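The structure appears below as structure tokens.
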Number of protein chains: 2
Amino acid sequence: MEAGSDVDVCAKWSETLRVYHNTSCELENELQSRHDLGLSEFEVLLILGRTCGDQAEGKAKMKDIEAEMYLSQSALSRTVTRLEKAGLVTRAACDFDRRANFLMLTPSGRERFEAAKPTHRAVLVKHLTVPGDSQRAEACS
Amino acid sequence: MEAGSDVDVCAKWSETLRVYHNTSCELENELQSRHDLGLSEFEVLLILGRTCGDQAEGKAKMKDIEAEMYLSQSALSRTVTRLEKAGLVTRAACDFDRRANFLMLTPSGRERFEAAKPTHRAVLVKHLTVPGDSQRAEACS
DNA sequence: GAAACTTACATGCACGCGCATTGGATGTCA
DNA sequence: TGACATCCAATGCGCGTGCATGTAAGTTTC
């Protein structure tokens with residue numbers, strides 16, 4: 001079992017495709033309708049929010065964010081532009097290297113992010129939890 | 001193990017994202033550069049080719065194809081238009097229900113599909129095979 | 001059999017993406 | 001200091017996608 005024969009590889013790919021599409025479509029829809037956020041936009045907030053949790057003041061360099069996402073440099077640039085227009089994020093020049101930009105969560109951005117987090121988590125739990133599992137998915141932070 | 005706690009669900013989603021993006025990007029690139037086919041286009045050929053293998057003459061109804069793909073009706077329509085312009089596929093009206101279209105592989109389409117199949121399989125094997133596996137991935141049809 | 005509804009497919013439109021290019025800031029070497 | 005390579009981010013462009021809509025064909029109801 002767990003072999004790499006043609007059939008198995010195809011089946012594995014089909015399953016990956018199924019999970020990916022179902023999950024990302026619902027993520028997109030839920031985040032959009034409930035919080036007016038696209039999936040890419042939320043993911044940027046997620047990285048900023050996580051960094052912020054480390055007491056790093058919610059800053060992150062564009063390049064570092066790009067490295068953590070499956071998004072081209074140009075797409076990230078535009079995603080950040082959208083977030084900036086929505087007032088959720090601010091660009092700030094880096095003192096050390098003026099080629100680079102820092103990105104910072106605004107209070108409004110943090111608020112929106114915290115509101116959207118449960119929605120995000122709920123969709124993941126719904127699609128990625130094995131049915132027979134006996135854990136209490138909705139009982140944690 | 002295999003629980004649905006926050007951390008586990010996030011890790012599972014990260015892994016799915018990683019596998020999906022790496023695989024689909026390379027599929028797209030390889031199919032495009034080697035066979036001048038987009039991923040969606042190949043997937044349509046795959047369905048037609050598979051049906052054809054059943055001696056069903058390589059026909060399939062648009063609706064049936066749509067049901068097997070993670071693609072909207074409009075996107076499928078345009079994908080088929082591209083395939084038709086490339087001469088790989090023909091649309092044929094259905095006798096029974098003139099709203100419906102059959103889709104058929106042309107000889108050229110079958111040829112292109114057969115040429116692309118190994119490329120497709122190779123990418124899947126590369127990304128979806130567990131490293132420690134002891135099977136001979138490249139030895140099968 | 002006419003009207004109302006449903007289904008199959010195509011198309012107008014807006015949007016997000018990747019690629020290629022540009023422009024500005026650094027770094028390097030002579 | 002000047003010339004050149006490198007790096008970061010923004011932008012022009014084309015493309016594929018989904019949503020909403022349009023058109024034609026089939027189905028249902030009376």
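This structure is a prediction, so every number in the text was calculated from the model and none was measured. Chain letters run A, B, ... following the sequence lines, proteins first, then strands; residues in each count from 1.
Closest approach to the B:S72 side chain among D:dA24, D:dG18, D:dT6 is made by D:dG18 (side chain taken as heavy atoms from C-beta onward). Nearest nucleotide to the B:R99 side chain, out of C:dT7, D:dC8, C:dA10: C:dT7. Counting only heavy atoms from C-beta on, A:L71 has its side chain closest to C:dG18 among C:dG18, C:dC9, D:dA10. In this structure, the nucleotide among D:dG26, D:dA9, C:dC17 sitting nearest to the side chain of B:D97 is D:dG26.
Taking 3.5 Å as the limit, the base of D:dG18 and the side chain of B:R78 contain a donor-acceptor pair of atoms between them. A donor N or O paired with an acceptor N or O is found under 3.5 Å between the base of C:dC19 and the side-chain atoms of A:S74. Counting distance only, with no hydrogens placed and no angle test, the side-chain atoms of B:Q73 and the base atoms of C:dA8 include no donor-acceptor pair under 3.5 Å.
The separation between A:D64 atom CG and D:dA9 atom C1' is 14 Å, rounded to whole Å. Rounding to whole angstrom units, CE of residue B:M69 and C1' of D:dT17 are separated by 12 Å. Note: NE2 (A:H21) to C1' (D:dG18) measures 12 Å, nearest angstrom. If you measure from atom CG of B:D36 to atom P of D:dG16, you get 11 Å, rounded to the nearest angstrom. Atom CZ of B:R91 and atom P of C:dT11 are 8 Å apart (whole Å). Remark: P of D:dA25 and CG of B:D95 are 14 Å apart, rounded to the nearest angstrom. Put simply, NZ on A:K63 is 14 Å from C1' on C:dA25, counting in whole angstrom units. Across the protein-nucleic acid pair, A:F102 atom CZ and C:dA25 atom P stand 18 Å apart, rounded to whole Å.
Between A:E68 and A:K63, no side-chain nitrogen of the basic residue sits less than 4.0 Å from a carboxylate oxygen of the acidic one, so the salt-bridge criterion is not met. A salt bridge is absent between A:E15 and A:K12: the closest approach of a Lys/Arg side-chain nitrogen to an acidic carboxylate oxygen does not fall below 4.0 angstrom.
Of the side-chain N and O atoms in B:R82, one or more sit less than 4.0 angstrom from OP1 or OP2 of D:dT17. The phosphate of C:dC9 has neither OP1 nor OP2 within less than 4.0 Å of any side-chain N or O from B:R98. Note on A:N101: a side-chain N or O is less than 4.0 Å away from OP1 or OP2 of D:dA10. Residue A:T79 places at least one side-chain N or O closer than 4.0 Å to OP1 or OP2 of C:dC17. The phosphate of C:dC17 (OP1 or OP2) has a side-chain N or O of A:S40 nearer than 4.0 angstrom.
Sequence order on DNA chain D of the closest nucleotides to A:N29 and A:A100 puts A:A100 first from the 5' end.
Side-chain atoms of B:N29 come within 3.5 Å of backbone N or O of B:C25 as a donor-acceptor pair. A:R112 places a side-chain N or O within donor-acceptor distance of the main-chain N or O of A:H35, the cut-off being under 3.5 Å. Listed for the B:S108 side chain is no donor-acceptor partner under 3.5 Å among the backbone atoms of B:L88.
Remark: aromatic rings of A:Y70 and B:Y20 are distant, center separation not under 6.0 Å.
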